[in-house]
Asker: 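This is the structure I want to talk about, given as structure tokens.
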Number of protein chains: 2
Amino acid sequence: MDQNKIPQATAKRLPLYYRFLNNLQMQGKTRVSSKELSEAVKVDSATIRRDFSYFGALGKKGYGYNVEYLLGFFRKTLDQDELTEVALIGVGNLGTAFLNYNFTKNNNTKIMLAFDADPEKVGKEIGGVPIYHIDDMEERLGNVKVAILTIPAQEADRITERLVVKGIKGILNFTPARITVPDDVRVHHIDLAIELQALVYFLKHYPLEKMGNEEENTY
Amino acid sequence: MDQNKIPQATAKRLPLYYRFLNNLQMQGKTRVSSKELSEAVKVDSATIRRDFSYFGALGKKGYGYNVEYLLGFFRKTLDQDELTEVALIGVGNLGTAFLNYNFTKNNNTKIMLAFDADPEKVGKEIGGVPIYHIDDMEERLGNVKVAILTIPAQEADRITERLVVKGIKGILNFTPARITVPDDVRVHHIDLAIELQALVYFLKHYPLEKMGNEEENTY
DNA sequence: ATTAAGTCGTGATTAACTTCACATATTCAC
DNA sequence: GTGAATATGTGAAGTTAATCACGACTTAAT
């Protein structure tokens with residue numbers, strides 16, 4: 001499928017570029033340089049040029065990049081012409097935050113349905129997304145291939161097992177549990193407690209210089 | 001401060017190790033091998049041994065690691081003996097999720113206060129954390145050095161500026177905005193929309209093999 | 001005591017990614 | 001047109017991290 005040549009680090013930055021290009025177009029800008037882009041997304045301009053170069057020569061020397069062309073290119077590359085359907089498991093505070101987040105706005109990714117065990121929530125809608133009972137998950141899931149996991153950690157393994165059996169191929173896991181899946185299922189962990197603790201650790205042990213940025217700010 | 005020799009990639013994994021060691025101790029286990037640890041946290045066992053080795057010889061050949069010793073060591077290394085105070089800016093769904101999350105349980109990191117612009121929320125408490133008006137931020141912040149930003153993107157720059165002036169040194173930024181800060185302030189971005197989009201991109205363009213894991217599952 | 005099995009710590013290697021630096025091409029002002 | 005300024009695309013170098021593979025040591029069983 002496509003060029004598998006594109007480094008993963010580059011792939012992770014593509015959505016960021018895409019979003020910012022959308023902003024630029026809405027502002028009516030027609031051209032942009034890697035330097036401008038760099039300041040906006042906080043990625044070194046050489047890295048941006050390298051990233052783009054994996055897809056060929058998208059820019060013009062002495063000019064920069066044409067916003068509309070670049071945007072069209074990324075739209076295709078990021079499959080933005082087809083809607084990606086997502087399921088959300090666990091309608092707590094974090095889950096609710098996702099339901100109220102309008103991903104479709106410039107992502108063409110949509111949470112189609114949500115599940116929870118709380119009878120108070122079942123049958124309601126949040127952000128236009130219907131909430132079903134977790135027991136009905138298998139029959140409701142249909143052909144959805146991506147799930148967001150915002151449930152208590154102790155439920156993670158059991159629910160994951162059920163998702164995998166039903167054919168889910170991608171899981172965005174917000175539980176602290178390190179879930180086990182077959183080789184053909186991709187899991188991205190986002191562990192809020194660890195992110196916070198890591199930030200604190202860096203603050204105490206990797207002091208940044210007031211001037212002369214030998215170390216980068218974000219990672 | 002300490003050894004700056006520890007790779008950032010290692011530092012990011014320390015909180016993960018720490019949490020799992022806590023679990024082990026609660027289960028009454030007294031010893032653990034890098035192989036066991038590897039299966040639990042999904043990090044290659046050689047990487048774990050390498051990570052630990054930056055702190056000296058913590059294990060014993062043919063035996064593994066003593067859970068209690070290791071735990072005590074990491075407690076010191078991760079400064080778990082002193083409480084780290086954190087402020088939360090923006091009490092929406094995402095912010096509320098944080099307030100209800102008991103970080104202190106095994107982190108010794110505590111959200112001390114929260115701010116919001118909504119008069120409905122000001123004066124209340126969530127998860128034991130008092131909510132103040134955003135206009136009172138400067139006078140209430142005191143000596144807190146770390147902030148979690150869960151506000152709308154368009155507010156991000158203005159609030160960040162105020163936080164920086166007040167002396168905040170670390171920001172966990174959940175807004176899509178790429179905020180600008182002086183060199184001595186550290187920002188970690190967690191961009192939920194981008195995480196989701198990146199996962200979808202990987203699913204479509206980097207298919208995983210059912211067997212023979214040439215590519216890793218998590219990143 | 002001897003042996004087999006287990007496990008660490010690490011030198012060496014490989015891999016992945018970032019950044020530098022510059023030849024080359026384009027634009028723009030006058 | 002001409003020259004100065006601007007920017008790309010990329011070879012090469014640098015940086016960081018992951019992984020291999022094995023010597024050295026420990027444990028435990030017989």
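Quick caveat: nothing in here was measured; it's all calculated off a predicted structure. Letters A, B, ... mirror the listed sequences (proteins, then strands); counts begin at 1.
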Asker: Between B:L37 (CG) and C:dT7 (P), how many Å, whole number?
Answerer: 12 Å
Asker: Which comes earlier along DNA chain D counting from the 5' end, the contact point of B:R13 or that of A:A46, where each point is its nearest nucleotide?
Answerer: A:A46
Asker: Taking NZ from A:K5 and C1' from C:dA15, how many angstroms apart are they, rounded to a whole number?
Answerer: 17 Å
Asker: Between B:S34 and C:dT7, is there a contact of a side-chain N or O with OP1 or OP2 at under 4.0 Å?
Answerer: no
Asker: Separation of B:R50 atom CZ from D:dT16 atom C1', in whole Å?
Answerer: 13 Å
Asker: Taking side chain to side chain contact (heavy atoms under 4.5 Å, CB included) as the criterion, tell me which of B:V185, B:I151, B:T180, B:V181 meets it with B:T160.
Answerer: B:V181
Asker: Would you mind reading off the distance between A:K35 atom NZ and D:dG9 atom P, rounded to a whole angstrom?
Answerer: 17 Å
Asker: Can you see whether B:Y18 has B:R75 sitting over its ring - NZ or CZ less than 6.0 Å from the centre and within 45° of the normal?
Answerer: no
Asker: CG of A:D44 versus C1' of D:dT15: gap in Å, rounded?
Answerer: 13 Å
Asker: Measure the distance from NZ on B:K12 to P on D:dT16 and round it to the nearest whole Å.
Answerer: 13 Å
Asker: Specify the separation, in whole Å, of atom CG of B:L58 and atom C1' of C:dC8.
Answerer: 11 Å
Asker: Starting the side chain at C-beta, find the nucleotide from D:dA17, D:dG9, C:dG9 nearest to A:S53.
Answerer: D:dG9
Asker: Less than 4.0 angstrom between a side-chain N/O of A:Y65 and OP1 or OP2 of D:dT6, yes or no?
Answerer: no
Asker: Pick the closest DNA chain C nucleotide for A:T10 and for A:K61 by heavy atoms, then say which residue is nearer the 5' end.
Answerer: A:T10
Asker: Using a cut-off of strictly less than 4.0 Å, decide whether A:K60 has a side-chain nitrogen or oxygen near OP1 or OP2 of C:dT27.
Answerer: yes
Asker: Between B:T47 and D:dA18, is there a contact of a side-chain N or O with OP1 or OP2 at under 4.0 Å?
Answerer: no
Asker: Relative to the 5' end of DNA chain C, which residue comes earlier, A:Y63 or A:R49, by the nucleotide with the nearest heavy atom?
Answerer: A:R49
Asker: Determine: side-chain N/O of B:R31 to OP1/OP2 of C:dC8, distance under 4.0 Å, yes or no.
Answerer: no
Asker: Which pair of non-hydrogen atoms, one from B:F103 and one from A:A193, has the smallest distance, and what is that distance?
Answerer: CE2-CA, 3.5 Å
Asker: I need the minimum non-hydrogen distance between A:V43 and A:I48, along with the two atoms involved.
Answerer: O-CD1, 3.7 Å
Asker: For B:F74, run the ring pair (Phe, Tyr, Trp, His ring centres under 6.0 Å) check against B:Y65, B:Y69, B:F52, B:F20 and tell me which one passes.
Answerer: B:F52
